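Quick notes on the structure that follows.
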Amino acid sequence: MHTTHHPFSLANHTLHRIDFDPATFTPADLLWLPHHTELTHAGRKRQAEHLAGRIAAVHALQPFGITAVPGMGAQRQPCWPAGLFGSITHCENHALAVVARHPIGVDSESLFSSALCAELTDSIVTSAERAVLEASGLPFPLALTLAFSAKESLYKAFSHRALPFPGFASAVITHIDPRCLTLRFLAEFSPQLVDQQATVYWQAGHTNVVTLAVG
């Protein structure tokens with residue numbers, strides 16, 4: 001599969017982006033993965049995305065002196081080396097990975113259309129959160145995409161402390177600015193984190209947004 005690697009920085013962390021051409025993917029490409037047999041029955045799209053994500057993860061691990069490909073756990077989650085935490089995300093024809101010595105979560109999303117906003121707004125944010133997004137000065141489709149992505153990143157970074165499947169209503173957005181969003185945890189996310197705040201950093205391109213939460 002043809003891929004290109006583009007590292008970039010966000011909130012003092014290096015993110016590794018792999019752009020890939022799914023038309024060039026062949027099943028034999030999976031042989032690079034030690035756990036390739038676990039993907040035998042996955043669809044072609046899923047296989048290509050998984051491969052791109054693991055390539056990104058290998059790049060992210062190299063600064064820590066590790067060259068092994070992260071395996072796949074019982075819940076199909078990446079298995080990171082002891083003492084390290086990582087996160088992988090896929091969006092359209094690219095994958096991102098980040099690794100740190102503390103819990104971390106990354107997410108990439110295509111910008112929502114106005115029609116998608118109309119369909120999803122009430123399932124992503126409360127009326128109070130919507131007011132925060134509208135007061136941010138950002139175009140509402142961008143702000144809502146950020147809200148969705150930030151909550152995804154937050155769960156990835158704090159999943160080790162979260163209840164199972166906490167949902168979008170389990171953390172509320174209280175502030176958004178050109179650099180980051182602030183979210184407050186509710187009991188539905190974790191009784192131990194109630195009313196604590198977390199910062200999620202973001203940046204936007206022409207067609208997608210990237211968010212990064214640090215646990």
Side-chain angles (χ1 to χ4, degrees), residues 1-11 13-110 148-167 189-190 200 208-215:
M1 182 171 71
H2 178 71
T3 64
T4 54
H5 173 221
H6 307 281
F8 64 97
S9 180
L10 178 60
H13 291 80
T14 300
L15 278 62
H16 295 266
R17 172 170 171 154
I18 295 294
D19 292 307
F20 64 96
D21 180 359
T24 65
F25 171 79
T26 68
D29 294 327
L30 294 179
L31 297 177
W32 179 75
L33 300 169
H35 56 276
H36 61 88
T37 56
E38 299 179 55
L39 297 166
T40 302
H41 300 295
R44 180 186 175 91
K45 179 177 183 292
R46 167 64 180 155
Q47 290 176 335
E49 289 175 343
H50 184 95
L51 177 61
R54 287 308 196 273
I55 294 172
V58 167
H59 282 288
L61 285 166
Q62 284 176 351
F64 298 91
I66 296 170
T67 58
V69 179
M72 190 160 60
Q75 306 300 318
R76 307 189 74 79
Q77 77 278 14
C79 296
W80 303 101
L84 294 177
F85 300 85
S87 182
I88 300 172
T89 186
H90 314 93
C91 180
E92 297 181 345
N93 292 342
H94 73 262
L96 294 175
V98 62
V99 172
R101 297 194 183 279
H102 49 75
I104 197 162
V106 67
D107 185 68
S108 179
E109 300 290 340
S110 297
F148 179 93
S149 184
K151 292 184 180 188
E152 290 284 332
S153 288
L154 192 74
Y155 175 71
K156 292 180 180 180
F158 289 87
S159 61
H160 61 297
R161 303 179 67 183
L163 295 172
F165 311 111
F189 192 99
S190 169
V200 179
N208 78 296
V209 301
V210 175
T211 57
L212 183 73
V214 178

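In this text, all values refer to a predicted model and were calculated from it rather than measured experimentally.
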Quick one: do the T211 and D107 side chains pair a donor with an acceptor below 3.5 Å? no
Please tabulate, for side-chain N and O atoms in residues 46-55, each donor-acceptor pair with protein atoms closer than 3.5 Å (sequence neighbours left out).
| from | atom 1 | to | atom 2 | distance (Å) |
| --- | --- | --- | --- | --- |
| Q47 | NE2 | L39 | O | 2.8 |
| Q47 | NE2 | A42 | O | 3.4 |
| E49 | OE2 | K45 | NZ | 2.5 |
| H50 | NE2 | H35 | NE2 | 2.8 |
| R54 | NE | P70 | O | 2.8 |
| R54 | NH2 | G71 | O | 2.9 |

Do E92 and S110 have side-chain N/O donor and acceptor atoms under 3.5 Å apart? yes
Only counting residues at least two apart or in another chain, list the ones meeting ring-ring contact (aromatic ring centres under 6.0 Å, His included) with H41. none
Begin with the C-alpha distance, continue with both residues' side-chain angles, and end with the deciding distance and a verdict on side-chain contact (heavy atoms from CB on, under 4.5 Å) for L84 and R101. CA-CA 5 Å; L84 294 177; R101 297 194 183 279; 3.6 Å; yes
For F148, give me all partners under ring-ring contact (aromatic ring centres under 6.0 Å, His included), at least two apart in sequence or on another chain. F112, F168
Excluding sequence neighbours, so at least two apart, what forms side-chain hydrogen bond (donor to acceptor under 3.5 Å, both in side chains) with H6? T4, D19
Ignoring hydrogens, what is the shortest heavy-atom contact between A213 and A157? Give both atom names and the distance. O-CB, 3.5 Å
Taking only residues at least two apart or on different chains, which pairs with a member in residues 58-84 satisfy ring-ring contact (aromatic ring centres under 6.0 Å, His included)? H5-H59
Please list, chain by chain and in numerical order, all residues satisfying ring-ring contact (aromatic ring centres under 6.0 Å, His included) with F20, sequence neighbours excluded. none
Does the pair E152 and T89 meet the rule for a side-chain contact (heavy atoms from CB on, under 4.5 Å), with working shown? CA-CA 10 Å; E152 290 284 332; T89 186; over 6 Å; no
Do side-chain atoms of S153 reach the backbone of A150 as a donor and acceptor pair under 3.5 angstrom? no
